[in-house]
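Computed from a prediction, not measured in an experiment: that's the story for all the values here.
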Amino acid sequence: MIKKKGAISMLDFRVYTFLEVCKYMNFTKAAEALHITQPAVSQHIRFIEDYYQTRLFSFQGKKPVLTEAGEYLLHAFSTLSHDQVYLKEQVLAMKNKHPSLIFGATLTIGEYVMPQFLIEHQTHHPDTALTMITANTHELLERISDGEIDFAIVEGYFDKTQYDYLTFSTEPYIAVAGKPPQSGIRPAQLTDLLGEKLLIRETGSGTREILEKCLTSRNLSIHDFAGISEIGNIPALKAMAAAGIGITFLYRSAVEEELKNHTLYDITPEDFSVTHDFTLIWQKGSIFASRYRTLFKEWRH
């Protein structure tokens, strides 16, 4: 056991130095964040290199770059760091007899998919202190790595070598507008919609990333539309589309109610058949993987 910042830690304090260097990829900034000197940072890195008998960094000029062994240790130490935080929380929860569950969800999933699961979970586990954090995929991945959340359910792309995952559901991804196509028939091609103004989520959101990848595969981009408005709020996106301001692309689960009420209309082109997985992910190699798998089965059931 090593003492770090007034707490008991299972990880050597030099490991935390390594993680800070990896976070900033700068020895000076890592030293400032840890409130130690740069020579001390270098000494800690050398200690780990001597212990594992390998180099953790190579250098491009003055910029450190992780070696293959460094990448491997970064992932391993990050997982251990996350599990350590989670383990402490669970032990405290056992003492207080109030188990906790802290997880993240992307905006679409958090607003339109998770409510039914949260109701069921709290009904069957009323003593659980439940916390759901809503953010875009990129931010949730960072929160998993930093140990701030146990797992996340995301719609965006992620590095499958860095996380363990289970497919939560597969969702249709469609185009919608405030009025039906003039002909009453959906457009034949995606290019038929380029004359419309595009209402789109902010950079980093899974909903936007899927559209951008689909457009790129057709040698197109969001800038090929007649105009663009970036809106970081799904209800606002839907309201603007319903008012005829522009068209937007969303998961069908996010617009089911509007499609039924005919405030939005499905205008998905015939050549645009896109589905995407909603995925439950956690830190690869986590000792709590069995708990996440059990929860996944319960929610799916």
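- Evaluation of the side-chain hydrogen bond (donor to acceptor under 3.5 Å, both in side chains) rule for Asn233 yields no partner, not counting sequence neighbours.
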Requested in this report: Under the ring-ring contact (aromatic ring centres under 6.0 Å, His included) rule, what do Phe103 and Trp299 come out as? Steps first, then yes or no, please.
Outcome: CA-CA 14 Å; Phe103 72 100; Trp299 281 358; 5.5 Å; yes
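- One distance of note links OG1 of Thr248 with CD1 of Ile234; it measures 9.0 Å at 0.5 Å rounding.
- In this structure Tyr52 satisfies the side chain to side chain contact (heavy atoms under 4.5 Å, CB included) test together with Ile48, Thr54, Leu73, Phe77, sequence neighbours excluded.
- Taking CZ of Arg293 as the reference point, atom CG of Leu295 lies at 12.5 Å (rounded to 0.5 Å).
- Rounding to the nearest 0.5 Å places CD1 of Ile267 at 11.0 Å from CZ of Phe272.
- Under the rule for a ring pair (Phe, Tyr, Trp, His ring centres under 6.0 Å), the partners of Phe57 that lie at least two apart in sequence or sit in another chain are Phe18, Phe27.
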Query raised in the report: How far apart are the C-alpha atoms of Ser205 and Leu107, what are their side-chain angles, what is the distance that settles it, and do they pass the side chain to side chain contact (heavy atoms under 4.5 Å, CB included) test?
Result: CA-CA 8 Å; Ser205 76; Leu107 192 60; over 6 Å; no
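- Of all heavy-atom pairs spanning Pro115 and Gly110, the tightest one is CD-O, 3.6 Å.
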Report task. Go through Phe278 and Val154 one step at a time and tell me if the side chain to side chain contact (heavy atoms under 4.5 Å, CB included) criterion holds. Result -> CA-CA 6 Å; Phe278 289 176; Val154 304; over 6 Å; no
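- Scanning both residues, Pro172 and Thr170, for their nearest heavy atoms gives CD-O, 4.1 Å.
- Applying the ring pair (Phe, Tyr, Trp, His ring centres under 6.0 Å) criterion to Tyr157, with sequence neighbours excluded, gives His276.
- The list of side-chain hydrogen bond (donor to acceptor under 3.5 Å, both in side chains) pairs with a residue in residues 19-29, not counting sequence neighbours, reads Thr28-Gln38.
- Residues forming a side chain to side chain contact (heavy atoms under 4.5 Å, CB included) with Asp50 (at least two apart in sequence, or on another chain): none.
- Across all non-hydrogen atoms, the minimal contact from Leu66 to Cys22 is CD2-SG, 3.8 Å.
- Applying the side-chain hydrogen bond (donor to acceptor under 3.5 Å, both in side chains) rule to Glu298 yields the partners His125; only residues at least two apart in sequence or on another chain are considered.
- Screening residues 189-245 for ring-ring contact (aromatic ring centres under 6.0 Å, His included) gives no qualifying pairs among residues at least two apart or on separate chains.
- Among all heavy-atom pairs drawn from Ala30 and Val41, the shortest one is C-CG2, 4.5 Å.
- Minimum heavy-atom separation, Leu215 to Ile222: CD1-N, 3.6 Å.
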Requested in this report: Give the intermediate values and the outcome of side chain to side chain contact (heavy atoms under 4.5 Å, CB included) for residues Leu280 and Trp282.
Outcome: CA-CA 7 Å; Leu280 189 150; Trp282 64 90; 3.4 Å; yes
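- Close placement of the His44 and Phe13 rings is indicated, their centers lying within 6.0 Å of each other.
- Counting only residues at least two apart or in different chains, salt bridge (Lys or Arg N to Asp or Glu O under 4.0 Å) contacts with residues 180-208 comprise Arg186-Asp266, Arg186-Glu270, Arg208-Glu212, Arg208-Glu230.
- Listed by chain and number, the residues in a side-chain hydrogen bond (donor to acceptor under 3.5 Å, both in side chains) with Thr106 are Glu155 (sequence neighbours excluded).
- Looking only at atom types and distance, the side chain of Thr279 has no donor-acceptor partner in the side chain of Asp277 under 3.5 Å away.
- The ring-ring contact (aromatic ring centres under 6.0 Å, His included) analysis of residues 168-206, with sequence neighbours excluded, yields the pairs Phe117-Phe168, Tyr173-Tyr251.
- Applying the side-chain hydrogen bond (donor to acceptor under 3.5 Å, both in side chains) test to Glu258 and every residue at least two apart in sequence or in another chain returns Lys238.
- Checking Leu198, Leu250, Thr216, Val274 one by one against Leu211, the side chain to side chain contact (heavy atoms under 4.5 Å, CB included) holds for a single residue, Leu198.
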